[in-house]
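Every chain is numbered from 1, with letters handed out A, B, ... down the list of sequences.
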Protein chains: 2
Amino acid sequence: MKIGELATLTGVSVRSLRYYESQGLITPVRQANGYREYSPLAVETVETIKLYLNLGLSTEQISGFLHCVLRNKEAFCAEVMPLYESKLADIERQLLELNQIKHNLKERMASIMQEQGGKQIDNTSE
Amino acid sequence: MKIGELATLTGVSVRSLRYYESQGLITPVRQANGYREYSPLAVETVETIKLYLNLGLSTEQISGFLHCVLRNKEAFCAEVMPLYESKLADIERQLLELNQIKHNLKERMASIMQEQGGKQIDNTSE
DNA sequence: GTTGACCTTAACACTGGTGTCAGGGTTTAT
DNA sequence: ATAAACCCTGACACCAGTGTTAAGGTCAAC
């Protein structure tokens, strides 16, 4: 199938499909006219790429284990677990940072509300 | 004082001080030789900018109320509270997203551990 | 009068996946 | 044979603050 068809089937833009190729994630054959020709299996490949992108992995990281997970169960691919672990640590770090900012924001908001206490502003929020 | 001195006093790079100026956050006078000349009050201004940047506000947002909060209490500046509220909503949205990813990651990790539980971790791999 | 520390503006790089042009070739259907 | 609908590569824009470099002006000390 051609790139436009694959894009329609997967919901991924033509632009993104070309980008994935440039990152080594998917390699269609080329027809005589230069057009990319995708195997029907490419649909599953793209769906798999989407899955890992949604987990916050980069295309570079995905390229390290994609061909393995396409042929085996994840548990068989040794590269996956360490990536999940470091990604999880990354998420935890971001959560801490966001929660710290959230805490500071709420503190300042409370302080403002208190000073405005004389002015009686609504206050239905928590 | 000159820009290098202000940078030392505040811990903000010369590059960043110039950037803040380009964003309209601080406006030093110019000496005859073209050098920026900062008032001693600039130290407090920069510290205030740092504070709001650390709350996740952009320089553009800060520019909207900086001159007010430098002269009054935050509660007096009407622009602040709506910004805090929208920023808080933004943080909450990011927290939800990160927690969703974290949940998915942990689920997949658990699934892998389970599959590896059955067999040996051995595997001289492919 | 020269060295070195400081200042100036301007500009590119970075992060990374995606949108969007520009400029041009191919195919298909009418 | 021409128009519509595809395809191709290459490149800029985006977010937004900071690092870094280039090319050059100013000033103080020795």
Mind listing the residues from [range] sitting with a heavy atom below 4.0 Å of DNA chain C? Number order is fine.
range	result
residues 19-35 of chain B	Arg30(B), Gly34(B), Tyr35(B)
residues 44-56 of chain A	none
residues 7-15 of chain A	Ser13(A), Arg15(A)

**Prompt:** By side chain to side chain donor-acceptor pair (under 3.5 Å), which residues pair with Arg30(B), not counting sequence neighbours?
**Reply:**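 Side chain to side chain donor-acceptor pair (under 3.5 Å) list for Arg30(B), sorted by chain: Glu21(B).
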**Message:** Test of understanding: with side chain to side chain donor-acceptor pair (under 3.5 Å), list the residues that count as partners of Asn72(B), not counting sequence neighbours.
**Reply:**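 Partners of Asn72(B) by the side chain to side chain donor-acceptor pair (under 3.5 Å) criterion come out as none, since no residue qualifies.
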**Prompt:** What is the nucleic acid contact for Arg18(B), judged by heavy atoms within less than 4.0 Å: base, sugar-phosphate only, or nothing?
**Reply:**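 The residue Arg18(B) makes base contact.
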**Asked** Quick one: side chain to side chain contact (heavy atoms under 4.5 Å, CB included) partners of His67(B), sequence neighbours excluded?
**Response**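 Only Arg71(B) meet the side chain to side chain contact (heavy atoms under 4.5 Å, CB included) criterion with His67(B).
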**Message:** Checking Lys73(A) now: which residues fulfil side chain to side chain contact (heavy atoms under 4.5 Å, CB included) with it, not counting sequence neighbours?
**Reply:**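 Here the qualifying residues are Glu115(B).
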Atom [atom1] of [X] to atom [atom2] of [N]: distance rounded to whole Å?
X	N	atom1	atom2	answer
Glu37(A)	dC7(D)	CD	C1'	13 Å
Gln94(B)	dC15(D)	CD	P	16 Å
Ile3(A)	dC6(D)	CD1	P	13 Å

**Asked** What residue pairs, at least two apart or across chains, pass disulfide (SG to SG under 2.5 Å) with a residue in residues 21-82 of chain B?
**Response**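 Of all non-adjacent pairs touching residues 21-82 of chain B, those that pass disulfide (SG to SG under 2.5 Å) are Cys68(B)-Cys77(B).
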Side-chain donor-acceptor distances from residues 5-14 of chain A under 3.5 Å, at least two apart:
unit_1, atom_1, unit_2, atom_2, d
Thr8(A), OG1, Gly4(A), O, 3.0
Thr10(A), OG1, Leu6(A), O, 2.8
Thr10(A), OG1, Val12(A), N, 3.3
Ser13(A), OG, Ser16(A), N, 3.0
Ser13(A), OG, Ser16(A), OG, 3.1

**Message:** Phe65(B): which residues meet the ring-ring contact (aromatic ring centres under 6.0 Å, His included) condition with it, sequence neighbours left out?
**Reply:**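 With sequence neighbours excluded, Phe65(B) shows a ring-ring contact (aromatic ring centres under 6.0 Å, His included) to Tyr52(B), given in chain and number order.
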**Prompt:** Using rotation axes that map the C1' atoms of four end pairs onto the next four (five pairs an end), what angle separates the end axes of the helix from dG1(C)-dC30(D) to dT30(C)-dA1(D), to 10°?
**Reply:**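 Roughly 40°, once rounded to the nearest ten degrees.
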**Heavy-atom contact window of chain B on DNA chain C, given 5' to 3' at under 4.0 Å** =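 Listing 5' to 3', DNA chain C meets chain B from dC6(C) to dA11(C).
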